[in-house]
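For reference, the structure is listed below as C-alpha cells.
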Amino acid sequence: MQANLLQLRRFLFARHGLLGARRFRGPEGLMDYIRLCGCIQFDPVDVCGKSHELALLARVEGFSHAMLEELLYKQRRLIDFFDKNMCIMPVEDWPCLEHIRAWYRQNSRSMDKVEAVAEQVLKTVHEKGCVSAAELGLEGRADWYWSGSSLSRVALETLYFRGDLVIHHKSGSIKSYSLASDLLPDGLWDAPCPFSAPTERMTWQVLRRIGAVGALWNRPSDAWLGVDGMKAPQRNEIFTALEKGGRILPVEVEGLSTPLYIKAEEAAQLAAAEKPSAAKKQVRLLAPLDCLMWDRRLIEAVFGFSYRWEIYTPAEKRQYSYYVLPVVYGERFAGRIEPVLDRKSGVLRVRHFWPEEGFRDTPAFRRSLETELERLAAFHGARAVRWEEAE
C-alpha cells in the first residue's frame, strides 16, 4: 500500500479522534479510545493535569475526573498496571500481563523483608477490605526504587506488582490496595496467561503498540518499551509473521525511506484519508506521554514536528520549558504551549505559546486555542485563563 505524508497525517489524527469535533463521547467513548490504543500511559506529574488525563481530555467529550474514577475504581472496567510503563488499560487484559507479575515475583527489591511480612499484609488487607501504607503501619524501612521507603509502602507496592493486590482507590497520590481476588471479576484474577511462548506475547504487544500509535516502523523505537526480550531478530521475525498472516500491512510513504505498518483492518481508513478532511479545524492539546507521541522520531519524520519532553532536562539546557504540550490544529502541529494550573488562585496560567515555523497564527486559530484552554481550566474547576506572556 502507498500513501503520501499528508494522507498519513490525516489518518493518524483521524483515528486518534483529533480531527474536527470529538468523536469519542462519554464513558463508552473513553472505553472505545483505550481499547483502540490498548492502553494509555499514566504519569503522576500534575502541572496542568496528569498526562493520562490530558490524553483523554483531548479526545473524549464530557471527560471528567469522576468519569475515570468510576471506570477504574467502581465499575472496574479499567485497571492501572504496567504495560509500556505504568498504564491504564481494560481490565480484561489482566491475564496477558502475567509475565510482568512473574518477573516481580523473582526480582523485586527488598524481597527478604517483604516475604517476612507478606502473609501478615495480605491477611490485614483482606480483613480491612482496603489499606494504604499509612494505615498498614509496619515498622521499619526498606530499599526501594529511587530511594528507601517505609516497609509498609514497599510491601504493598511489591504485592501490587506481583498481582496479589490491585489498587482499590486513590486519594490524591495516596493509594489504597485490596486483594486482587476480591476485586477483579470472577475467573479473571487467576486466569491463565493466554501465551504459550514469549514470542506469542511479544506478537500481541507489537500489534498493541501499532494500534496505540496508529503506524509504526520495524526499527528501534520508544514505542517498544516494556516489550521484554524483544531485540531486532525477534522484532523482524514478528513483523514478518504478522505481515504474512495478513494482520499488518506495510505502507510505503512518499518521502520516507522506511515503510510503516498499520493494522490490516485499518487499510480503508488510510485510503479514505487521501481526500482532504471536511472537518472544521479545532485545537487539541496533547499530553507529553500521549500514545501518538510514543515514537517522536516517527512524528518528526511524518509531521516535521520535533518534540522533547524536557521535564528531566536541566533548566539551563531546556529549549522550551519544564512541561510543554504539543498543540494540534487541523491537520498539523501548530506549536507547543505551557499552561500551568495555579491551584491557590484557581487560575490556569499560560506562560507561553511557541508557534511552529511557517504556521499562520490566525484569529480563527486563537479563538479555537482559547476555547480549548477554557475547557482545560473547566476540567480543573479553575475560574479563569490568564496569559502571562502578554503581561
(request) With sequence neighbours excluded, tell me which residues meet salt bridge (charged side-chain N to carboxylate O under 4.0 Å, His left out) with Arg343. (result) Asp46
For residues 197-218, tabulate all N or O donor-acceptor pairs below 3.5 Å that involve a side-chain atom, not counting sequence neighbours.
{"unit_1": "Glu200", "atom_1": "OE1", "unit_2": "Ser196", "atom_2": "N", "d": "3.1"}
{"unit_1": "Glu200", "atom_1": "OE1", "unit_2": "Ser196", "atom_2": "OG", "d": "3.4"}
{"unit_1": "Glu200", "atom_1": "OE2", "unit_2": "Ser196", "atom_2": "OG", "d": "2.6"}
{"unit_1": "Arg201", "atom_1": "NH1", "unit_2": "Gln205", "atom_2": "OE1", "d": "2.9"}
{"unit_1": "Arg201", "atom_1": "NH1", "unit_2": "Asp228", "atom_2": "O", "d": "2.9"}
{"unit_1": "Arg201", "atom_1": "NH2", "unit_2": "Asp228", "atom_2": "O", "d": "3.2"}
{"unit_1": "Thr203", "atom_1": "OG1", "unit_2": "Thr199", "atom_2": "O", "d": "2.7"}
{"unit_1": "Gln205", "atom_1": "NE2", "unit_2": "Gly226", "atom_2": "O", "d": "3.2"}
{"unit_1": "Arg208", "atom_1": "NE", "unit_2": "Asp83", "atom_2": "OD2", "d": "2.6"}
{"unit_1": "Arg208", "atom_1": "NH1", "unit_2": "Asp93", "atom_2": "OD2", "d": "3.0"}
{"unit_1": "Arg208", "atom_1": "NH2", "unit_2": "Gly38", "atom_2": "O", "d": "2.9"}
{"unit_1": "Arg208", "atom_1": "NH2", "unit_2": "Asp83", "atom_2": "OD2", "d": "3.0"}
{"unit_1": "Arg208", "atom_1": "NH2", "unit_2": "Asp93", "atom_2": "OD2", "d": "3.0"}
{"unit_1": "Arg209", "atom_1": "NH1", "unit_2": "Ala223", "atom_2": "O", "d": "2.7"}
{"unit_1": "Arg209", "atom_1": "NH1", "unit_2": "Leu225", "atom_2": "O", "d": "2.6"}
{"unit_1": "Arg209", "atom_1": "NH2", "unit_2": "Asp83", "atom_2": "OD1", "d": "2.9"}
{"unit_1": "Arg209", "atom_1": "NH2", "unit_2": "Leu225", "atom_2": "O", "d": "3.3"}
{"unit_1": "Trp217", "atom_1": "NE1", "unit_2": "Asp295", "atom_2": "OD2", "d": "2.9"}
{"unit_1": "Asn218", "atom_1": "OD1", "unit_2": "Arg235", "atom_2": "NE", "d": "2.6"}
{"unit_1": "Asn218", "atom_1": "ND2", "unit_2": "Asn236", "atom_2": "OD1", "d": "2.9"}

(message) Run the salt bridge (charged side-chain N to carboxylate O under 4.0 Å, His left out) test against Arg109 and tell me which residues pass, sequence neighbours left out.
(response) none
(message) When you measure from the centre of the six-membered ring of Phe161, is the NZ or CZ of Arg105 closer than 6.0 Å and no more than 45° off the axis?
(response) no
(request) Check whether any side-chain heavy atom of Glu310 lies under 4.5 Å from a side-chain heavy atom of Tyr320, and answer yes or no. (result) yes
(message) So which atom in Cys39 and which in Met89 form the shortest heavy-atom distance, rounded to 0.1 Å?
(response) CB-CB, 3.9 Å
(message) Measuring only between side-chain heavy atoms, which start at C-beta, is Pro95 closer than 4.5 Å to Pro192?
(response) no
(request) Would you indicate whether the side-chain heavy atoms of Arg297 and Ser221 approach each other to under 4.5 Å? (result) no
(request) Provide the closest heavy-atom pair for Ala279 versus Gly20 in the form atom of the first, atom of the second, distance. (result) CB-CA, 3.6 Å
(message) Would Lys170 pass as a cation-pi partner of Phe42, given that its NZ or CZ must be under 6.0 Å from the six-membered ring centre and within 45 degrees of the axis?
(response) yes
(message) Checking salt bridge (Lys or Arg N to Asp or Glu O under 4.0 Å) between Arg77 and each of Glu92, Glu70, Glu28, which is the one that passes?
(response) Glu28
(message) Taking ring pair (Phe, Tyr, Trp, His ring centres under 6.0 Å) as the definition, give me every residue that meets it alongside Tyr322, ordered by chain and number, with sequence neighbours left out.
(response) none
(request) Looking only at non-hydrogen atoms, find the nearest pair between Glu243 and Pro250 and report the distance. (result) OE2-CG, 3.4 Å
(request) May I ask you to decide whether Arg15 forms a salt bridge with Glu266, counting only side-chain N to carboxylate O separations under 4.0 Å? (result) yes
(request) For a side-chain contact (heavy atoms from CB on, under 4.5 Å) with Leu165, tell me which candidate from Leu183, Thr158, Leu156 qualifies. (result) Leu156
(request) Could you tell me which non-hydrogen atom of Gln41 sits nearest to which non-hydrogen atom of Cys87, and how far apart they are? (result) CA-SG, 3.9 Å
(request) Report yes if the distance between the aromatic ring centroids of Tyr104 and Phe82 is under 6.0 Å, otherwise no. (result) yes
(message) Within the 4.5 Å heavy-atom criterion, are Phe13 and Phe333 side-chain neighbours or not?
(response) yes
(request) Name all residues meeting the salt bridge (charged side-chain N to carboxylate O under 4.0 Å, His left out) criterion together with Glu356; count only those two or more places apart in sequence or in a different chain, and write none if there are none. (result) Arg336
(request) Identify whether Leu97 and Met86 are in the same connected component of the hydrophobic contact network (ILVMFWY, side-chain heavy atoms under 4.5 Å). (result) yes
(message) Within the 4.5 Å heavy-atom criterion, are Asp342 and Leu348 side-chain neighbours or not?
(response) no
(message) Please give me the minimum heavy-atom distance between Leu5 and Ala301, naming the atom from each residue.
(response) CD2-O, 4.0 Å
(request) Taking the side chain as every heavy atom from C-beta outward, state whether Cys48 and Leu54 have any atom pair closer than 4.5 Å. (result) yes
(message) Any heavy-atom pair between the side chains of His352 and Trp354 that's under 4.5 Å?
(response) yes
(message) I want to check a possible cation-pi pair here: Arg101 against Trp94, using under 6.0 Å from ring centre and within 45° of the ring axis as the test.
(response) yes
(request) Report yes or no: do Val347 and Leu341 belong to one cluster of Ile/Leu/Val/Met/Phe/Trp/Tyr joined by side chain heavy-atom distances under 4.5 Å? (result) no
(request) Sequence neighbours left out, what passes side chain to side chain donor-acceptor pair (under 3.5 Å) with Glu119? Give chain and number order. (result) none
(message) Please find the pair of heavy atoms, one from Tyr307 and one from Arg296, that lie closest to each other, and give the distance.
(response) O-CD, 3.3 Å
(request) Answer yes or no: is there a side-chain heavy-atom contact under 4.5 Å between Leu369 and Ile337? (result) yes
